[in-house]
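Let me begin by presenting the structure, written as structure tokens, before commenting on it.
The shown structure was predicted, so the numbers you read here are calculated from the model rather than taken from an experiment. Values below: every heavy atom of this structure, side chains too, minus hydrogens, waters and symmetry copies.
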Amino acid sequence: MSKIVGIDLGTTNSLVGVMDAGFPVLVADAEGRRLTPSVVHFSGADQPPLVGAAAKRVRGLKPRETISSIKRFMGRRGSELSHEEMIVNYPVAGKGNEPVRVELAGRTWSPEEISAEVLKKLKADVERALGEPVTRAVITVPAYFNDAQRNATKEAGRLAGFTVERIVNEPTAAALAYGLDRLKAKSKIAVYDLGGGTFDISILELNEGVFQVLSTNGNTRLGGDDIDAALTDELARRLAAKLQTHIDAALLARLHEEAENAKIRLSTETETKVEIPFALGEQSFSTVITREELEILARPIVQKTRGNCLRSLSDAKLKPADLDDVILVGGQTRMPMVHALVKEIFGREPNTNANPDEAVALGATIQAGILEGGVQNMVLLDVTPLSLGIETFGGLMNVIIPRNTTIPTKAGELFTTAIDNQKSMKIQVLQGERELARDNWSLGTFDLEFAPAPKGVPRVGVQFEIDANGILSVLARDVKTGHQKVVQLKSAVDVRDEDVEKMVAESVEYAFDDMAQRQWIETKRKSGDMLSATRKALAQVGSLIVPEEVKEIEELMLAVEKALESENLNELKAANSALDKGTVALAGFVTDMAIEEDLKRKGMLGDEPPPDAPPAAPLPKPEPLAPTGIEGSIPLRGE
């Protein structure tokens with residue numbers, strides 16, 4: 001059987017590793033480089049693409065045919081992209097719910113196909129080093145990648161000829177690399193991962209070889225690329241002013257290359273010179289950029305990570321002082337300003353012992369070793385970053401898997417109908433932290449059909465399962481017939497990931513308003529159920545009780561109806577309570593009549609029970625119906 005390799009499929013650079021004699025080893029290419037630039041150049045329809053360093057060398061000369069940072073488009077649709085995100089050197093297209101596409105070399109490419117070209121090169125490099133075919137891989141993704149982005153990564157692996165054994169979150173992989181020599185230690189660590197295109201922060205607990213993710217947060221649209229773009233704009237402004245010229249695409253690409261190189265140099269130097277020979281005919285361009293000037297441009301970008309860090313600490317229910325270590329991962333953390341910000345947020349010097357470019361790949365390789373059985377005494381427990389649930393009657397969200405639940409995981413709940421003679425139930429899968437369904441994101445919708453029945457009679461089990469790769473499958477089953485549907489969600493939220501961050505913040509900001517709305521909807525539904533049941537009971541046994549009591553019940557019903565119009569929660573609760581107490585005798589009549597009818601139907605009324613018959617069992621007390629679940633449905637607790 002093939003070895004399992006570990007792959008860090010990065011926005012800027014990618015790496016591949018393999019376990020050797022119990023240690024993770026990163027594999028170099030034929031020229032001795034472990035880092036492979038995630039860049040692909042297409043020279044023509046009949047020519048194989050250039051990948052890696054060779055493609056990066058061509059990028060400045062032929063930017064339109066050279067694709068970089070494609071990871072930002074993985075698993076995304078046109079509706080998710082802002083105008084600014086669509087402005088890249090190569091032709092990107094995508095409208096509405098259409099997947100993002102790149103049109104080059106006489107055909108249309110998906111981001112997965114382009115990423116597969118990078119993976120094919122890594123595959124060839126590791127097969128050359130090992131001297132044998134390799135078909136199995138562990139691939140890392142940002143912790144905040146949604147379901148569609150994770151599936152896109154798996155598809156890229158498949159197109160490259162890999163069976164993807166596991167998808168691992170990047171900061172979690174970095175923690176594996178950090179903890180390899182700390183198997184007996186017990187500690188809590190934060191992993192701050194600022195790469196080329198994404199940012200992640202994860203809080204993990206290490207306990208004798210068990211790595212458990214306590215919380216995760218991040219932004220899949222934030223990284224070093226944004227700093228490069230800001231510096232490129234500044235260089236373009238200076239060049240245009242100095243040479244009095246328009247900046248075309250080719251010149252902008254050259255500026256981008258120099259901006260990236262200058263940013264790297266300024267991590268160790270206080271100033272650097274940027275030169276563009278023959279920028280305009282025989283005219284050349286030269287300017288000096290200082291670290292201070294770069295930091296002014298980069299600060300608004302890097303500061304965005306502060307909120308993610310604070311939310312991750314809050315979710316883990318920890319203070320900065322509770323942490324034993326803070327690890328820096330990702331090439332962008334080499335910037336002194338990033339180092340200083342992390343120190344300020346967490347109140348401690350961050351750990352810089354690990355190579356920030358290689359830590360994620362090493363962790364992926366260790367996870368590959370765990371799956372092969374070559375690495376013992378280590379277990380990785382990851383979490384889901386946002387709550388998952390379904391919509392219930394009244395427009396509420398019923399959470400089935402709370403955020404930060406350890407994965408893989410499986411959870412389910414029973415639901416019933418809220419309307420008489422329903423023939424189907426709409427299962428709308430939601431992701432988010434708000435109380436109302438409309439304020440969360442829909443991951444998908446499907447219907448489960450069943451035989452019509454009075455409301456409250458059907459039983460539908462809904463089960464969520466998240467696998468080790470963070471991919472969600474939803475099962476809905478009619479308990480009576482066993483008829484079921486299983487849906488694997490392959491497209492996630494059609495919104496930008498900036499809004500994912502916003503979701504968590506809004507769940508805190510609007511917590512009191514959301515809870516008030518939930519309480520009103522639940523109480524209103526209870527009122528409707530009570531009024532309906534009372535009217536039905538009066539129609540059945542109203543003639544058996546005194547007219548004064550009937551009048552009193554009708555007045556109590558009228559009070560509930562008026563309270564519904566007032567939209568005053570406390571008033572409605574009081575009216576419900578009064579109606580509940582005022583109908584005790586009526587409910588007793590209905591129950592007695594039902595028992596009498598049941599005994600008559602069984603021919604038992606007036607007969608003595610046989611001498612050997614067991615004693616009668618009390619009628620089971622019905623479980624209360626709680627609100628929340630699916631449109632046209634109510635969840636049943638305790639079943």
Side-chain angles (χ1 to χ4, degrees), residues 2-20 24-63 65-74 89-90 102 104-105 107 109-141 152-165 167-168 170 173 195-197 257 260 331 357-358 360-362 364-365 368:
S2 162
K3 279 182 171 290
I4 305 177
V5 297
I7 295 176
D8 173 12
L9 182 60
T11 306
T12 307
N13 296 295
S14 297
L15 302 94
V16 61
V18 65
M19 294 300 294
D20 184 14
V25 176
L26 298 182
V27 176
D29 63 15
E31 298 177 16
R33 290 182 294 252
R34 291 196 292 268
L35 284 174
T36 294
S38 302
V39 183
V40 181
H41 172 74
F42 295 93
S43 53
D46 56 344
Q47 298 290 326
L50 295 176
V51 181
K56 188 176 180 180
R57 286 193 291 267
V58 180
R59 184 171 61 181
L61 300 174
K62 297 182 178 180
E65 293 81 26
T66 308
I67 300 173
S68 58
S69 299
I70 194 64
K71 183 174 177 178
R72 282 193 163 188
F73 297 112
M74 294 276 283
N89 292 328
Y90 45 89
V102 178
L104 273 180
R107 58 161 288 191
W109 299 77
S110 69
E112 298 91 279
E113 290 175 308
I114 295 166
S115 291
E117 295 298 326
V118 177
L119 292 172
K120 286 176 185 176
K121 182 185 183 304
L122 297 177
K123 186 173 186 288
D125 289 340
V126 74
E127 287 178 340
R128 176 192 53 79
L130 296 176
E132 61 183 73
V134 174
T135 59
R136 305 164 70 199
V138 169
I139 304 179
T140 61
V141 296
T153 304
K154 289 189 73 174
E155 176 63 10
R158 187 191 68 79
L159 293 172
F162 285 116
T163 298
V164 180
E165 301 288 346
I167 296 289
V168 179
E170 289 167 4
E257 292 291 318
E260 184 180 344
D357 290 319
E358 297 181 351
V360 170
L362 288 171
T365 305

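With a 4.5 Å cut-off on side-chain heavy atoms, K121 and D125 count as touching. Within the 4.5 Å cutoff, the side chain of T365 has no heavy atoms near those of the V25 side chain. At least one side-chain heavy atom of V102 sits under 4.5 Å from a side-chain heavy atom of I70.
Closest of all the heavy-atom pairs between F162 and L119 is CE1-O, 3.9 Å. Between R72 and G196, the shortest heavy-atom distance links the atoms NH2-O, 4.2 Å. Of all heavy-atom pairs spanning S115 and A156, the tightest one is CB-CB, 4.0 Å. Minimum heavy-atom separation, N89 to P63: CB-O, 3.7 Å. Closest of all the heavy-atom pairs between V360 and A173 is O-CB, 3.6 Å. Heavy-atom minimum distance, D357 versus G331: OD1-CA, 3.4 Å.
L9 contributes atom CG, which lies 8.5 Å from atom CD of E170 (distance to the nearest 0.5 angstrom). Between atom CD of residue Q47 and atom NE2 of residue H41 there is a gap of 9.5 Å, rounded to the nearest 0.5 Å. Between the CG atom of D8 and the CD atom of E358 there is a distance of 10.0 Å, given to the nearest 0.5 Å. Note that CD of E113 is 8.5 Å distant from NZ of K120, once rounded to the nearest 0.5 Å. The distance from atom CD of E65 to atom CG of L50, rounded to the nearest 0.5 Å, is 11.5 Å. Taking CD1 of I114 as the start and CG of L159 as the end, the distance is 11.5 Å to the nearest 0.5 Å.
A donor-acceptor pair is defined here as one N or O able to donate and one able to accept, closer than 3.5 Å; such a pair exists between the side chain of R136 and the backbone of S2. The backbone N or O of A152 lies less than 3.5 Å from no partner atom in the side chain of E112, so there is not a single donor-acceptor pair. Under a 3.5 Å cut-off, the side chain of K154 and the backbone N or O of V164 do not form any donor-acceptor pair. Judged by distance alone, the side chain of S38 and the main-chain N or O of G10 form a donor-acceptor pair under 3.5 Å.
No donor-acceptor contact under 3.5 angstrom links the side chains of T36 and S14, judged on distance only.
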Going through the distances and angles, do K3 and E132 end up as a side chain to side chain contact (heavy atoms under 4.5 Å, CB included)?
CA-CA 9 Å; K3 279 182 171 290; E132 61 183 73; 4.1 Å; yes
Would V118 and V40 count as a side chain to side chain contact (heavy atoms under 4.5 Å, CB included) if you check the C-alpha gap in whole Å, the side-chain angles of each, and the deciding distance to 0.1 Å?
CA-CA 7 Å; V118 177; V40 181; 3.8 Å; yes
Under the side chain to side chain contact (heavy atoms under 4.5 Å, CB included) criterion, do V18 and V27 qualify, and how do the steps go?
CA-CA 7 Å; V18 65; V27 176; 4.1 Å; yes
For R33 and L35: C-alpha separation, side-chain torsions, deciding distance, then whether side chain to side chain contact (heavy atoms under 4.5 Å, CB included) applies.
CA-CA 6 Å; R33 290 182 294 252; L35 284 174; 5.7 Å; no
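Taking the six-membered ring where tryptophan is involved, the planes of F42 and W109 are tilted, since the angle between them lies from 30° to 60°.
Within a 6.0 Å sphere centred on CZ of R34, other residues, nucleotides and ligands contribute 12 heavy atoms or fewer.
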